[in-house]
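Chain letters run A, B, ... following the sequence lines, proteins first, then strands; residues in each count from 1.
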Protein chains: 2
Amino acid sequence: MSRRKEYTPQQLKELILSNAERIIAQHGRAGLTARALAETIHYSPGTIYNVYEDMNALMVDVNYETLGRLQAYCQQKIATLPADFSRVSGLAYAYADFARENLRAWEAIYAPSRKMEHDNAPALPEYYQQRLADIFLMVENTLIDCLKLPQPTASSSARLLWACLHGITVLNLNGTLGLVGVEQPHAMIDDLLTQYLARYL
Amino acid sequence: MSRRKEYTPQQLKELILSNAERIIAQHGRAGLTARALAETIHYSPGTIYNVYEDMNALMVDVNYETLGRLQAYCQQKIATLPADFSRVSGLAYAYADFARENLRAWEAIYAPSRKMEHDNAPALPEYYQQRLADIFLMVENTLIDCLKLPQPTASSSARLLWACLHGITVLNLNGTLGLVGVEQPHAMIDDLLTQYLARYL
DNA sequence: CAAAATATTGAACATTGTTCAATAGAAAAG
DNA sequence: CTTTTCTATTGAACAATGTTCAATATTTTG
């Protein structure tokens, strides 16, 4: 069996990746099984393993794409905002909004690898880490451009704010804070930014 | 088969729970399988299902215990500290330190339920949510006692700081921030607290 | 056209969570 | 003490998972 002319290896990989993304958007990480994915693309489970080392490797690619969409989403959101505090808060809102609008894909980024293998956490590839670094840089530059933070401060503040933003988003989406309402995250973000960045406003 | 005199139902539940905690501490959530647990207590897998609805119900109890230990850990750490800013930062350090020292148990709290069941997120029981509320109250009262925050402010600030703390801890432990060093979390916490709470210092 | 290369398969294996009829042993009844 | 009832415990069985790999169908090459 073979369908050599159907797809180039490249196209096949993209077919697998895009369908994996679609399944995750609909049913979350838990819904992405080798068999379910194989069925949607009309291949057998084994084929997936010819393209990806294992399901985790596929997840890395999926998450990489998600990060890319997150970055694009943020950039698009802040593009029209003036270079002042409103752009900083717009960027922060964008993170929270993206997580809400792409809940299952966003959750998958932080979902632990399924394999137990009693300890090993596989290191993330270079290009993946580079994209993370790019995102941090976006935050850092926004702080510099809009609030005139000095370089070294901007770098550490960007990381801190990103982490806080992440925590706010996680706990709001999983209900730990015991509150509901879509406006809650934005109110918390406002509070964080105005207090933490008070010196620069 | 039966060992009626070996353990009361209560004792058997405690035996299961305590051994589940030990396995998680050693091998993480992924290492806690029904069969592995059954083996350590010299029972069969089926017995676990006579005591707990399913493995997720057991995880809820494990996480409940972890939260209890977290709370006790925090209270013990701040007990000797003066009622000023040092107690606030001591409490924040305690959270980060507990997560590091009890990494696998702490991770398990936020690990998603294994079952896919294409959407349902089982609500956490009342007593579990109560313990979470107690922890928030501890933070809230610390802010009031040490920094004289007014009531309504203290409540929302406690939740915000808790969320930020969580984000800082998550991203540091999973390496997203691309930095190492045990002192990193403490430095970030210092930065967060001194800036966010500047008005009250 | 035959031969070599290769893309694809799908059955098979190990491990999960989970169920439940069967049963071994204790408790109750006689 | 024997018989009956009850119940705690079992462990085989089922479905679903990730993963492997010899077999095979198809293309490419000689």
Side-chain angles (χ1 to χ4, degrees), chain A residues 1-17 19-20 23-24 27-62 108 111-122, chain B residues 1-17 19-20 23-24 27-62 108 111-122:
Chain A
M1 276 159 184
S2 118
R3 284 175 275 190
R4 189 76 65 83
K5 274 297 163 43
E6 280 231 62
Y7 304 103
T8 67
Q10 189 61 264
Q11 288 174 324
L12 182 55
K13 187 164 189 171
E14 282 162 14
L15 183 72
I16 290 173
L17 180 55
N19 279 275
I23 291 176
I24 284 186
H27 306 111
R29 170 69 183 91
L32 182 70
T33 67
R35 287 173 180 80
L37 176 55
E39 198 164 344
T40 67
I41 62 175
H42 303 108
Y43 273 85
S44 86
T47 298
I48 293 167
Y49 286 82
N50 295 339
V51 176
Y52 282 100
E53 174 74 20
D54 52 28
M55 292 300 285
N56 264 309
L58 171 56
M59 279 308 303
V60 170
D61 264 19
V62 169
S113 3
R114 227 37 154 318
K115 310 178 63 167
M116 54 174 320
E117 304 202 46
H118 284 54
D119 41 11
N120 72 341
Chain B
M1 275 157 185
S2 116
R3 284 176 276 189
R4 190 76 65 81
K5 275 297 165 39
E6 278 233 62
Y7 303 105
T8 66
Q10 188 61 265
Q11 288 175 325
L12 180 55
K13 187 164 190 170
E14 281 163 13
L15 183 72
I16 291 174
L17 180 55
N19 279 276
I23 291 175
I24 285 186
H27 306 111
R29 170 66 183 92
L32 182 69
T33 68
R35 286 173 180 79
L37 176 56
E39 198 164 344
T40 66
I41 61 176
H42 304 107
Y43 273 86
S44 86
T47 299
I48 293 165
Y49 285 83
N50 295 338
V51 176
Y52 280 101
E53 174 74 20
D54 53 28
M55 291 301 284
N56 264 309
L58 171 57
M59 279 309 302
V60 170
D61 264 19
V62 169
S113 3
R114 233 25 159 324
K115 309 179 65 167
M116 57 182 290
E117 304 202 45
H118 285 54
D119 42 11
N120 72 341

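Distance CG (B/Asn50) to P (D/dT10): 9 Å, rounded to an integer number of Å. We find that CG of A/Leu37 is positioned 14 Å from C1' of D/dT17, with the value rounded to whole Å. Summarising the geometry, the separation between CG on B/Leu32 and P on C/dT15 is reported as 17 Å, rounded to the nearest angstrom.
Taking only side-chain atoms of A/Tyr49, from C-beta outward, the nucleotide of C/dG17, D/dT10, D/dG18 with the closest atom is D/dG18. In this structure, of C/dT18, D/dG18, C/dT8, it is D/dG18 that holds the atom nearest to the side chain of A/Ala34. Listed nucleotides C/dT16, D/dG18, C/dT8 differ in distance to A/Thr33; the shortest reach to its side chain belongs to D/dG18. Checking D/dT10, C/dT9, D/dG18 against every side-chain atom of B/Ser44, the shortest atom distance belongs to D/dT10. Side chain of B/Thr47, nearest nucleotide from D/dT9, C/dT18, C/dT9: D/dT9.
The nearest heavy atom of DNA chain D to B/Pro9 and to B/Pro45 marks one nucleotide each, and the one closer to the 5' end goes with B/Pro9.
The shortest non-hydrogen separation linking B/Arg29 to B/Ala108 is CB-CB, 4.4 Å.
Remark: A/Ala57 engages A/Tyr52, A/Glu53, A/Asp54 in a side chain to side chain contact (heavy atoms under 4.5 Å, CB included) (not counting sequence neighbours).
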Quick test: give all pairs of protein nitrogen or oxygen and nucleotides 12-14 of chain C nitrogen or oxygen below 3.5 Å, distance rounded to 0.1 Å.
from: C/dA12; atom 1: N6; to: A/Arg35; atom 2: NH2; distance (Å): 3.4

